[in-house]
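Numbering of residues begins at 1 and proceeds along the displayed sequence.
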Amino acid sequence: MRYIDIIESIADDATKEAKKRLKANQQIDNARRKRGNAAQKYQDSLRTANQSEQAAKAKLNSSK
């Protein structure tokens, strides 16, 4: 095997590893984004439920 062939082989391996890392990092970013969106939806639902509860309590207390 010639020196240039060895260098090209190493470069190809490094390129393949870089592509694998890029794909894995993209999957991690997607999972984090999905988790963040789910947390935001949960917080929005919780806030709406709390506001509804407070409004109902206020209505109950105002009728006394």
Side-chain angles (χ1 to χ4, degrees):
M1 197 178 242
R2 296 181 316 172
Y3 180 75
I4 190 71
D5 294 334
I6 294 170
I7 297 300
E8 287 175 351
S9 175
I10 292 170
D12 288 343
D13 291 344
T15 301
K16 288 178 187 176
E17 280 299 314
K19 287 180 182 179
K20 285 182 185 179
R21 281 192 302 276
L22 177 64
K23 186 175 180 179
N25 283 329
Q26 288 172 339
Q27 289 174 338
I28 290 168
D29 290 342
N30 289 340
R32 286 179 178 161
R33 192 173 306 109
K34 187 175 180 180
R35 182 181 60 201
N37 289 342
Q40 185 64 46
K41 285 181 182 180
Y42 172 76
Q43 288 295 324
D44 290 344
S45 296
L46 187 61
R47 187 178 308 107
T48 301
N50 285 337
Q51 288 171 347
S52 296
E53 181 183 2
Q54 289 174 353
K57 285 181 180 178
K59 189 173 184 179
L60 180 65
N61 290 335
S62 68
S63 65
K64 289 183 180 180

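- Atom CD of residue Q51 and atom CG of residue L46 lie 10.0 Å apart, to the nearest 0.5 angstrom.
- Taking 4.5 Å as the limit, every side-chain heavy atom of K57 sits out of range of all side-chain heavy atoms of L60.
- Taking I28 as the reference, N25, R32 meet the side-chain contact (heavy atoms from CB on, under 4.5 Å) condition, with sequence neighbours excluded.
- Within the 4.5 Å cutoff, side-chain heavy atoms of D29 are placed close to those of R33.
- Residue pairs that meet the salt bridge (charged side-chain N to carboxylate O under 4.0 Å, His left out) test with at least one member in residues 39-49, sequence neighbours left out, are D44-R47.
- With sequence neighbours left out, I10 forms a side-chain contact (heavy atoms from CB on, under 4.5 Å) with I6.
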